Amino acid sequence: MTIQPYHTALVTGASSGIGAATVRKLRELGLEVHAVARNKERLEELAAETGCIVHAASVADCTAMQKIFDNVDIDVLVNNAGQSRTGNIADTTEDDVDALVDINLRAVLQLTRLALPGMMVRDRGHIINISSIAGHYAFAGGNTVYHATKAGVHSLSQQLRCDLYGKKIRVTEISPARVETEVFGRLIGDMEEAQRRFFAEYDSLLPEDLANAIAFAVSSPQRMNVSFMEVLPTMQVVGGLNFAKKTTGTP
């Protein structure tokens, strides 16, 4: 099966989780898929399974990313790579701020900048940005910098549609809630503890759910742009209203 007029895709954060599931799904749809991540060993395992083309590099490495676009006409760009941290802005280090901005926002901007000229010349293409409900809602316990970077991805997705008005280039933002991936294990340094704390007693999304959402957007008729999709576990609610009690006395 092929999804005309698309022939090629580039997926970032492809070594595990949503990225790896997306590589598998897009390969099933008949696309040539270029898989980008830092973990070469995992990428090679994915290539042996799916036939994807491996690029072992950081998305923050603009030179390495430029080489891909110099050699391949990418029709579908899936900006999926991301990092998170625990704690609020007061607990976040300078390095943490730089890392989150570099991977979650700056790399998305740079890859989009690299992808669009060719798409505009060919007058075909699809940018898919994986954001997060953290970019739309404030909630206690979320990392402030992470929230800010995902809000930036949301704003980028909206502005791109204005920039691309009149072009046959689609922009889709997919905003997931909790997905059962390794990111939670990396956050607390223990995947077994993360499984117990975040997933054992809850129905969470699986990476395959997001890959299916991406496939739906990509394979939709060309006249149709799935511009925004918020994907939640059935048992999770976002938003809410909280009040702190009044304090007594003078500080």
Side-chain angles (χ1 to χ4, degrees), residues 12-13 15-19 37-39 58-61 79-112 129-159 173-207 209-210 228-251:
T12 68
S15 60
S16 64
I18 296 169
R38 291 174 297 174
N39 192 318
S58 169
V59 290
D61 184 344
N79 283 313
N80 166 70
Q83 293 189 7
S84 189
R85 297 290 190 277
T86 57
N88 59 33
I89 190 69
D91 302 322
T92 304
T93 68
E94 178 182 351
D95 288 343
D96 285 341
V97 171
D98 288 343
L100 289 170
V101 172
D102 283 348
I103 301 302
N104 293 2
L105 184 55
R106 185 176 287 115
V108 175
L109 290 164
Q110 295 286 17
L111 280 163
T112 301
N129 293 327
I130 308 301
S131 61
S132 167
I133 60 167
H136 313 288
Y137 305 98
F139 46 83
N143 180 273
T144 315
V145 183
Y146 179 81
H147 280 243
T149 59
K150 291 302 183 178
V153 172
H154 172 63
S155 183
L156 166 66
S157 302
Q158 291 182 312
Q159 185 61 37
E173 178 191 356
I174 297 181
S175 179
R178 184 178 294 180
V179 185
E180 191 168 338
T181 69
E182 294 177 3
V183 66
F184 290 92
R186 289 194 290 269
L187 277 176
I188 64 174
D190 186 334
M191 193 59 206
E192 288 187 7
E193 174 61 17
Q195 183 71 29
R196 184 196 65 79
R197 186 187 304 180
F198 297 110
F199 304 119
E201 297 181 359
Y202 305 96
D203 285 330
S204 301
L205 298 170
L206 297 177
D209 300 327
L210 277 301
F228 178 75
M229 190 185 303
E230 188 175 86
V231 187
L232 308 175
T234 302
M235 301 299 285
Q236 183 176 9
V237 65
V238 291
L241 184 64
N242 297 294
F243 279 84
K245 293 181 178 180
K246 291 181 178 180
T247 56
T248 57
T250 303

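Quantities reported herein were computed from a predicted structural model and do not represent experimental measurements.
Nearest heavy atoms, P176 versus L210: CB-CD1, 3.7 Å.
With sequence neighbours left out, the side chain to side chain donor-acceptor pair (under 3.5 Å) criterion links D96 to R85, T93.
D209 places a side-chain N or O within donor-acceptor distance of the main-chain N or O of L206, the cut-off being under 3.5 Å. Within the 3.5 Å criterion, the main-chain N or O of Y146 finds a donor-acceptor partner in the side chain of T149. Under a 3.5 Å cut-off, the side chain of T12 and the backbone N or O of N79 do not form any donor-acceptor pair. A donor-acceptor pair is defined here as one N or O able to donate and one able to accept, closer than 3.5 Å; such a pair exists between the side chain of H147 and the backbone of Y137. Side chain of S204 to backbone of E180: no donor-acceptor contact under 3.5 angstrom is found. N143 places no side-chain N or O within donor-acceptor distance of the main-chain N or O of N88, the cut-off being under 3.5 Å.
Expressed to the nearest 0.5 Å, how far CG of L111 lies from CG of N80 amounts to 11.5 Å. The NZ atom of K150 lies 12.0 Å from the CD1 atom of I133; values are rounded to the nearest 0.5 Å. The CD1 atom of I103 sits 11.0 Å away from the CG atom of D98 when rounded to the nearest 0.5 Å. Within the model, atoms CE of M229 and CD1 of I130 stand 9.5 Å from one another, a figure rounded to the nearest 0.5 Å.
By the 4.5 Å heavy-atom criterion applied to side chains, N104 and Q83 are counted as neighbours.
Side chains of E173 and S131: a donor on one and an acceptor on the other come within 3.5 Å.
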Could you walk me through whether L205 and V231 pass the side chain to side chain contact (heavy atoms under 4.5 Å, CB included) test, one step at a time?
CA-CA 8 Å; L205 298 170; V231 187; 3.9 Å; yes

